[in-house]
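Read the structure below first, then the notes.
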Number of protein chains: 2
Amino acid sequence: MVDDDVTETRDGPLTARDRFDRIHADIRNRICLLEYPPGEKLSEVELAEEFGISRTPLRRVLARLEDEGLVTSVHGVGTMVTDIEMEELAQVYRLRKELVLLQTSLDVAPPDAVYLARVEALLARAEALKTAPSAKAFSTLDRDMFLTLLELTANTPLRTMSKRLYFRTARIWLQQVTASKIDLMQEIEVYAREVRDILEALKLGDLDAVGHMRRSHISLSFARMIK
Amino acid sequence: MVDDDVTETRDGPLTARDRFDRIHADIRNRICLLEYPPGEKLSEVELAEEFGISRTPLRRVLARLEDEGLVTSVHGVGTMVTDIEMEELAQVYRLRKELVLLQTSLDVAPPDAVYLARVEALLARAEALKTAPSAKAFSTLDRDMFLTLLELTANTPLRTMSKRLYFRTARIWLQQVTASKIDLMQEIEVYAREVRDILEALKLGDLDAVGHMRRSHISLSFARMIK
DNA sequence: ACGTCAGATGATGTGCACAACAGGCGGGTG
DNA sequence: CACCCGCCTGTTGTGCACATCATCTGACGT
């Protein structure tokens, strides 16, 4: 599991910002893993009780999720998990196709042995999925893979924006799988092959190849999804 | 003046979201125009009084500004306008250089006569600056030019991210000018020439040329800034 | 039977008082 | 004189009560 952008447990007591980031990532993961499917109504009081805080700080989390396009709040109605229009989904994918090239060409930090070992571990998880297929485990793996590859660039703004775009549409693929519109086993096969190819290119230091492989994978993945 | 992302005055009464966007854009402009220079302490109570609201909704605005990297809030200390590290500034510019190419190649909407007339008006403002140089007016013109050219792409996520990046660093250039590290007249001359070239390319329908001209302008502008 | 409207209900948005925290000031002490 | 500790002040963070809004319900009138 990749630590994401949540600050790890530090020595001192948890500050307000730590709680905020933790709860934000938590709810975001629930949305991306479809525990809160599109249209689900999120109750501020219930979530506040669950996290042991008041509505005030929780509303700040929901406000950020709204900025990120994951929920929408309507006065007097409620806070609902957003659905994604077909056109916007296509726009996000077209943009992500371009950004992955930048992730391996802009301010790149060459991978070291430790990094390669981490990617090998991810490959092992991909291989393991073949014998024990699980849509959620696949989704989690894809997220970790994405965050790991994002470390290749040292460009902070590029990292931030790529993350936002990724989490904006990550749940759609999972939704299509659960609706049986995508063959899970086939996707896992393709994915494992892609991870293997990426690892190979990383070992050779050919980051440009990594970018173009990811680009084509995103393109094909999108094509299979809307099929 | 370009309307920006603030919803215009609609028929009904102002909703909460309208107030929020209005105040957000207002404070953001003050920061970008250096009315609140880096390091300035923003008082929540004072701002709340000025806008005639309570601290609660104002804090939501400040939270968003903090997400966008324009301010930082520290518990018990205050909310200060951020300064920009040299390294981060360079990262933003490197990324923006790539994004401007996408703005004229991804989901582009060909400009019509009305659009061309608006760019002509912008060119007129640039020419007018030659006889009445003003750093703030120049800064405002650059913002309007940026937002106008951003309309060339219909890709909403690309628009959103480009905006965030632009407003993240827009004040730095103005800061360098007021510190007399940049020659204002020379910048205005260069800028007017660039707008003229862009307008020419737009009339010819050569959007690719527009992108590359903007890219080189950003590159040169950054080089002059850090000189 | 059907349309209408007042009231109930539950949600988000707002205002306000207090808690938590950091920094500055000043007196006490070795 | 230097250092330390406690108080004071100003700021952000939190909890809570209320305002505002949209939706549903059901009684009423036609």
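Below, chain A is the first sequence line, B the second, and so on; all start at residue 1.
The closest side-chain donor-acceptor pair between Thr82(B) and Arg171(B) falls under 3.5 angstrom. In summary, the side chains of Thr156(A) and Glu88(B) do not present any donor paired with an acceptor at a separation below 3.5 Å, with no hydrogens or angles considered.
Residues Glu44(A) and His75(B) each lie close to DNA chain C; by heavy-atom proximity, the contact nearer the 5' end of the strand is made by Glu44(A). The 5' end of DNA chain D is approached more closely, in terms of each residue's nearest nucleotide, by Gly76(B) than by the other of Gly76(B) and Glu66(B).
In this structure, CZ of Arg60(A) is placed 12 Å from C1' of dT14(D), rounded to the nearest angstrom. For the pair Arg19(B) CZ and dT12(C) P, the computed distance is 18 Å after rounding to whole Å. Protein atom NZ of Lys41(A) is 7 Å distant from nucleotide atom C1' of dA11(C), rounded to whole Å. Protein atom CZ of Phe20(A) is 10 Å distant from nucleotide atom P of dT14(D), rounded to whole Å. Computed from coordinates, the Met80(A) CE to dA22(D) P distance equals 13 Å when rounded to whole Å. At whole-Å resolution of the value, CD in Glu49(A) and P in dA11(C) are 12 Å apart. Protein atom CD1 of Ile23(B) is 12 Å distant from nucleotide atom C1' of dT14(C), rounded to whole Å. Counting to the nearest Å, the C1' atom of dA20(C) and the CZ atom of Arg17(A) are 18 Å from each other.
Under the 4.5 Å side-chain criterion, counting only non-hydrogen atoms from C-beta, Thr79(B) is not in contact with Glu66(B).
Considering only the side chain of Pro57(A), dG15(D) comes nearest among dG13(C), dG15(D), dT12(D). Taking the side chain of Ser54(A) as heavy atoms from C-beta on, and the options dT11(D), dG15(D), dG13(D), the nearest nucleotide is dG15(D). In the set dT12(D), dA22(D), dC16(C), the nucleotide with an atom closest to the side chain of Arg59(B) is dT12(D). The listed nucleotides are dG15(D), dA22(C), dT14(C); the one nearest the side chain of Ile53(A) is dG15(D). Between dG13(D), dG13(C), dG15(D), one nucleotide has an atom nearer to the side chain of Ser73(B) than all others, and that is dG13(D).
Heavy atoms of Leu62(B) sit nowhere under 4.0 angstrom from any nucleic acid atom. Leu58(A) comes within 4.0 angstrom of no nucleic acid atom, judged by non-hydrogen atoms across all strands. As judged by a 4.0 angstrom heavy-atom cut-off over every strand, Val45(A) is placed among residues making no nucleic acid contact.
Side-chain atoms of Arg55(A) and base atoms of dG13(C) include a donor and an acceptor less than 3.5 Å apart.
The side chain of Thr79(A) contributes an N or O atom lying less than 4.0 Å from OP1 or OP2 of dT12(C).
Residues Trp173(B) and Phe138(B) bring their aromatic ring centres within 6.0 Å.
Heavy atoms only, all atoms of each residue included: Glu194(B) and Arg214(B) are closest at OE2-CA, 3.8 Å.
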